[in-house]
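Protein chains get the first letters and strands the later ones, always in sequence-line order, with residue 1 at the start of each. The figures here come from the full heavy-atom set of this structure, side chains too, leaving out hydrogens, waters and symmetry mates.
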Protein chains: 2
Amino acid sequence: MSEVLDTIDHRILSILQKDATKSVDAISEQVALSRNACWRRIKAMEASGVIRARVALLDPIKVGCPLTVLVLIRTDHHSDAWRKDFAAAVSVLPEITTAQRMTGDLDYVLTVRLADVAAYDTFYKRLTSRIPVSDISASFVMEDIKDTTALPL
Amino acid sequence: MSEVLDTIDHRILSILQKDATKSVDAISEQVALSRNACWRRIKAMEASGVIRARVALLDPIKVGCPLTVLVLIRTDHHSDAWRKDFAAAVSVLPEITTAQRMTGDLDYVLTVRLADVAAYDTFYKRLTSRIPVSDISASFVMEDIKDTTALPL
DNA sequence: TATGAAAAACCACGATG
DNA sequence: CATCGTGGTTTTTCATA
């Protein structure tokens, strides 16, 4: 309901952002609150949508997609229909984990998770067979220096 | 121990990737396995590191960082020392959620989470005061078409 | 703070293929 | 002989009074 998050909320969130398996007991101790008060705050933040989900993060290498590719896309189709088709293609391809429409001269950026470079070629064909793009270029990730789902608070 | 994941493991993972609050009972029912067999598989995947963590995902808008910026960086310092400084700067700045070293002509790509465009200027100054870069450009995310932490299985 | 209900954590045995 | 299922115990966590 309320959209105002105080310092204690922030501290609770920063704990849960890193480890959602922590019990209410452990969290309440860390933020110096009673178990109950802490539990109510968490419930409230879940209800208001501040906490959107709790998910498991997997090891990309161990599940067989060690390669991350950033795909930069430019289009000359600036119609609603094209955008709809593009969004549909994006939602259908599970290798695409993020898709963002950008300002500036590059129109779209995709993050794609793949097994290897050969898989990129397959992906490239599947994508471009679904939607016309005027310019597409791939940049491969050599090293992950940082990769977190935790937002700054 | 074993690094071989079968179809059932994949189904368990795909459930947990989307919702880590699901009880073992519920999961075991979905994958048509006994509670215990299912529990053993999950434990094994936690132990082997296939499941890396369980985290809470927050709403960027409700938490006060609705703006996502992709920062493209080129450097002419290709020394170990520079890389170390860069990594240190990246790890210190919480607004940077991902930092990747790339192939091709752009050296690094950062994903940065911010409150607004003004905050980008502050961020830009803090970053460039810590490390010298020969070229840096920002591209702002206008629309999130897709954004998932779930890897393809 | 107390408390009942639920889920998780773990163990042991026999069955199965 | 790995892995499953059943059925049990103990402990923890939840969620509310």
Side-chain angles (χ1 to χ4, degrees), chain A residues 1-66 115 148-151 153, chain B residues 1-60 62-63 148-153:
Chain A
M1 210 116 295
S2 78
E3 293 296 298
V4 237
L5 304 173
D6 61 15
T7 315
I8 295 176
D9 287 326
H10 281 169
R11 290 179 59 202
I12 293 172
L13 290 176
S14 99
I15 293 167
L16 288 176
Q17 264 192 323
K18 275 163 209 138
D19 183 2
T21 68
K22 281 242 169 83
S23 70
V24 182
D25 266 340
I27 297 167
S28 66
E29 199 182 324
Q30 275 189 62
V31 301
L33 220 62
S34 78
R35 185 197 10 269
N36 243 318
C38 192
W39 177 81
R40 272 192 295 263
R41 281 171 183 262
I42 294 170
K43 278 288 141 190
M45 291 191 286
E46 279 170 351
S48 70
V50 172
I51 297 173
R52 233 190 342 189
R54 291 151 189 261
V55 301
L57 301 181
L58 311 185
D59 185 319
I61 294 167
K62 292 185 173 147
V63 295
C65 46
T148 179
T149 55
L151 301 175
L153 295 176
Chain B
M1 210 120 292
S2 78
E3 292 293 301
V4 235
L5 304 173
D6 62 14
T7 316
I8 295 175
D9 286 326
H10 281 166
R11 290 178 61 200
I12 293 172
L13 291 174
S14 99
I15 293 167
L16 288 176
Q17 263 191 324
K18 278 163 207 140
D19 183 4
T21 67
K22 281 239 168 84
S23 71
V24 181
D25 267 339
I27 297 167
S28 65
E29 200 182 325
Q30 275 190 64
V31 301
L33 220 63
S34 76
R35 162 164 74 267
N36 240 327
C38 192
W39 176 80
R40 276 191 290 252
R41 280 168 182 263
I42 294 170
K43 277 289 138 188
M45 292 191 286
E46 279 169 352
S48 71
V50 173
I51 296 172
R52 237 195 334 195
R54 291 151 189 260
V55 302
L57 301 180
L58 311 184
D59 185 320
K62 292 187 172 148
V63 141
T148 179
T149 55
L151 301 176
L153 295 176

Problem - A/D59 with B/R52: basic N within carboxylate O range, under 4.0 Å - result: no

Handout entry: Nucleotide of D/dA15, D/dC4, D/dG8 approaching A/R35 most closely (side-chain heavy atoms)
Key = D/dA15

Exercise for the section: Give none if D/dT12 has no partner; otherwise give the nucleotide forming a Watson-Crick or G-U wobble pair with it, both distances under 3.5 Å. Expected result: C/dA6

Problem - N-glycosidic conformation, D/dA2 - syn within 90 degrees of 0, else anti - result: syn

Completion exercise
CD1 of A/I8 to CG of A/L5, rounded to nearest 0.5 Å, is 12.0 Å

Problem - Closest nucleotide among C/dT1, D/dG8, D/dC14 to the A/N36 side chain - result: C/dT1

Exercise for the section: Output the distance between atom CG (B/N36) and atom CZ (B/R40), rounded to the nearest 0.5 Å. Expected result: 5.0 Å

Handout entry: Nearest-0.5 Å distance that lies between atom NE2 in A/H10 and atom CD1 in A/I15
Key = 13.0 Å

Fill in the blank from the handout: In whole angstroms, the gap separating C1' of D/dT13 from CD1 of A/I27 amounts to 12 Å

Handout entry: SB check A/E46 A/R54 (cutoff 4.0 Å)
Key = yes

Problem - Nearest-Å distance for atom pair CD/P, residues B/E29 and C/dA7 - result: 12 Å

Handout entry: Whole-Å distance separating the CD1 atom of A/I42 from the P atom of D/dT13
Key = 13 Å

Exercise for the section: Report the base-pairing partner of D/dA2 (Watson-Crick or G-U wobble, both distances below 3.5 angstrom), or none. Expected result: none

Handout entry: B/R40 side chain, from C-beta outward: closest of D/dG5, D/dC14, C/dC11
Key = D/dG5

Practice task
To the nearest Å, give me how far apart CG (B/D9) and P (D/dT3) are.
Solution key: 10 Å

Exercise for the section: Please state whether the phosphate of C/dA9, meaning OP1 or OP2, lies under 4.0 angstrom from any side-chain nitrogen or oxygen of B/W39. Expected result: yes

Exercise for the section: Taking only the side-chain nitrogens and oxygens of B/R41, find out if one of them lies under 4.0 Å from OP1 or OP2 of D/dC4. Expected result: yes

Exercise for the section: When you get a sec, tell me which of C/dC10, C/dT3, D/dG5 is the closest nucleotide to the side chain of B/K43? Expected result: C/dC10

Fill in the blank from the handout: In whole angstroms, the gap separating P of C/dA9 from CG of B/D25 amounts to 12 Å

